[in-house]
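Only one structure is covered here, and it is reproduced in the block below.
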Number of protein chains: 2
Amino acid sequence: MSRRVTINDVARVAGVSRQTVSRALNDKGEIDAGTKQRVLDAARELGYRPSRFARGLVRQDSTTIGLVIPDLLNPFFTEVAAGALEAARARGWHVIVYDTADSITVERGTLEVVVAQVDAVVGYFSLDEAELDRHLGGMPAVLIGRDHRSPRFSSIRIDGEKGVHEAVDHLVAAGHRRIGMLDHAGRAEPSLRRDWFIDAMDEHGLHAPVVGNAVQSADGGAEALNELLDQHPDLTAVFTYNDIIAMGALKAARRLGKAVPGDLAVVGFDGLQLGTVVDPALTSVALDTRRIGALAIAQAGRLVAGEPSLPDEELLVSAVLLVRESA
Amino acid sequence: MSRRVTINDVARVAGVSRQTVSRALNDKGEIDAGTKQRVLDAARELGYRPSRFARGLVRQDSTTIGLVIPDLLNPFFTEVAAGALEAARARGWHVIVYDTADSITVERGTLEVVVAQVDAVVGYFSLDEAELDRHLGGMPAVLIGRDHRSPRFSSIRIDGEKGVHEAVDHLVAAGHRRIGMLDHAGRAEPSLRRDWFIDAMDEHGLHAPVVGNAVQSADGGAEALNELLDQHPDLTAVFTYNDIIAMGALKAARRLGKAVPGDLAVVGFDGLQLGTVVDPALTSVALDTRRIGALAIAQAGRLVAGEPSLPDEELLVSAVLLVRESA
DNA sequence: CGGCAATCCGTGAACGCTCACGGGAGCGTT
DNA sequence: AACGCTCCCGTGAGCGTTCACGGATTGCCG
């Protein structure tokens, strides 16, 4: 096969030295307008494109960050990713996105290749810190939505406690007493969000809130709501693990002939923009997803530059209740 | 500031040559287990991480592709992006994602920097081919959803004609005669989808279909439907520019007390997965978004490898009617 | 006419790594 | 004892670019 066309080829054709070609291409000064044009023509003629590796090798700028997410099609991660992209663009950084397809095997594979491609890694990981460290081998990493034990990592923490309390307060103020929750069915242990919910209920002297289990999808949410209502027909409000499940619950409620929020109030979690396309618009404990992505990028940037990490309290994003129509 | 730690530093500390370090790190053979461990320890000790530029410079593998999309938060583009990511991962390629924020200025800026970072570019562009070429300077590029005039580019064409005809057939078969359309309000000229729609209506001897204008959002769709129905109260079905607008229309119809599809049938375009979370689930002229992304990646790969382009008929993805509940 | 800027261009070196090759040590075989 | 093989390891070269120089040419002034 034909060799790659280098700067020297261009130089030869244009009848100048490589340095002159370099000058023409990066339009620095110290070059005659005529020769510059000649070089540019020669370059175009030969189809020359500079090697990003050679260029990157000599001038040490240009940072690129790896963003690892479990599922880009999950709207929550989409929003986080969008926030990260925006923050990166503002800084002139580049983001390589890896979708691990909710698979730990794929995550391992990703970690394996990502080291050779980026300056820092950011995202949602399910592997434990030891294995992460082993794969990453010293590369800066910031974990989102997950606390780190080793100082080798850095993380963006999210706190939904206040927001969930607000949600329960809101429901109680509206007269609700029998409030259920639809937790996720994915992982083994119950979620933090469930703990927050139970706490908040306790504060109002409301106890033993029923908790269903929904798989992570709209249909899962619908199914779970049916089950929950079957066992506890007197429920007047439901809090869900996230907005997707809440949307399924909305659908199921309608099918059951229940008006929302009249007969059944629904409060989601995440505060997705998508919550506005359903009817009624979803009331939700909202996370500032854009900020999450932006913080992750900012922190990653400091790490690669060797600057001091952001202060801990800056790396926390807390949820607030976003009242729309469903509660 | 402290210099970067190189392979030579590791070699010195471990008391071996750089080649041996290289062997240890890339676990090739021809190295004693003891020395290998010693090298690995030294590397970890020094916090050594190989330079991706130096490595990339010498071995010419590792392709990375730039994916340019106008708005990652638009679910359609999200799906395309996900398809692209998946296809790239299957090949071991990397994808840098650029969100141009629906801005031509940002698109220009992106084009400017993307050249130095990737081997090929893929995505949705709004600049004309001349300017694209000027910025890209010879880099392989695949335009999605847009035909190219210059052979310098390559493109993934989408054809919705058949699907739209199917949709109209479906509506007519269900007894609908007064069918309206909600076109987008974004660009100057009316859309291809509108042409297809009018064509399909013509075939059934139905003429002068009313056409509203919706801005690209759920609220825009809702507003447009209200307007349309205001002017033409006798409409029994609506076809929309895309699913987002259709979802807004769904919401507006409910507010007007119209049952869907009983009083008003709604057919969207795109076939988003999101169409299943609304109630009723959206019937839509569906595009295989995953395939769009995958094709773009595949084609880009052939271009960078200098392989022959995919045959034209392979680069076409056609829409088909996806009947769910709203029509 | 000497001198001095200004303008333009070329030459070594370096960036950090891998590839191809060669060579020494140790062991067994003839 | 000479040879050959295996197992390790090191040395030169090169990947394609930019940086820091230094040199050549021209124009202008005193």
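Predicted model, so just to flag it, every value in this text is computed and none were measured. Letters A, B, ... are given to chains in the order of the sequence lines, protein chains preceding strands, and every chain is numbered from 1.
Interface remark: the A:Arg49 side chain does not form any donor-acceptor pair with the D:dG16 base, using a distance-only criterion of under 3.5 Å.
Across all strands shown, D:dG16 is found opposite C:dC15 as a Watson-Crick or G-U wobble partner, with both distances under 3.5 Å.
Each of B:Arg18 and B:Leu57 was matched to the nucleotide of DNA chain D holding its nearest heavy atom; the match closer to the 5' end belongs to B:Arg18. Between B:Arg23 and A:Arg38, the residue anchored nearer the 5' end of DNA chain C, judged by the nucleotide with its closest heavy atom, is A:Arg38. The nearest heavy atom of DNA chain D to B:Val58 and to B:Thr20 marks one nucleotide each, and the one closer to the 5' end goes with B:Thr20.
The separation between A:Arg55 atom CZ and C:dG16 atom P is 18 Å, rounded to whole Å. As rounded to whole Å, 7 Å separates atom P of C:dG16 from atom CZ of B:Arg4. Put simply, NZ on B:Lys28 is 7 Å from P on C:dT18, counting in whole angstrom units. Distance CD (A:Gln19) to P (D:dC19): 8 Å, rounded to an integer number of Å. To the nearest angstrom, P of D:dT6 lies 18 Å from CG of B:Asp32. Put simply, CD on A:Glu30 is 14 Å from P on D:dG22, counting in whole angstrom units. Rounded to an integer number of Å, the gap from B:Asn26 CG to C:dC17 C1' is 10 Å. Per the geometry, CZ belonging to B:Arg12 stands 13 Å off P belonging to C:dC17, to the nearest Å.
Among the atoms of the strands shown, only primed sugar atoms or phosphate atoms (P, OP1, OP2) are found under 4.0 Å from some heavy atom of B:Ile31.
Between B:Glu129 and B:Arg149 there is no salt bridge, since none of the side-chain N atoms of the basic residue sits less than 4.0 Å from a carboxylate O of the acidic one.
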**Q.** Check against side chain to side chain contact (heavy atoms under 4.5 Å, CB included), A:Leu25 and A:Val39
**A.** CA-CA 8 Å; A:Leu25 260 48; A:Val39 169; 4.3 Å; yes

Q. Under the side chain to side chain contact (heavy atoms under 4.5 Å, CB included) criterion, do A:Arg146 and A:Phe125 qualify, and how do the steps go?
A. CA-CA 9 Å; A:Arg146 162 180 167 182; A:Phe125 305 91; 3.8 Å; yes

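Note that CD of A:Glu79 is 10.0 Å distant from CG of B:Leu72, once rounded to the nearest 0.5 Å.
Comparing C:dC9, C:dC19, D:dT17 by their closest approach to the side chain of B:Arg59 singles out C:dC19. Each of C:dG10, D:dC9, C:dG16 was ranked by its minimum atom distance to the side chain of A:Val16; first place goes to C:dG10. Proximity note for B:Ile7 (side chain, C-beta onward) versus C:dC17, D:dG10, C:dC8: the nearest is C:dC17.
No more than 12 heavy atoms of other residues, nucleotides or ligands sit less than 6.0 Å from atom CD of A:Glu45.
Residue A:Ser51 places none of its side-chain N or O atoms closer than 4.0 Å to OP1 or OP2 of D:dT17. At the phosphate of C:dT18, OP1 or OP2 sits under 4.0 Å from a side-chain N or O atom of B:Ser22. At least one side-chain nitrogen or oxygen of B:Thr35 sits closer than 4.0 Å to the OP1 or OP2 atom of D:dC9. Taking side-chain N and O atoms only, A:Ser17 has no distance below 4.0 Å to OP1 or OP2 of C:dC9.
Between the side chain of A:Arg18 and the backbone N or O of A:Asn8 there is no donor-acceptor pair closer than 3.5 Å.
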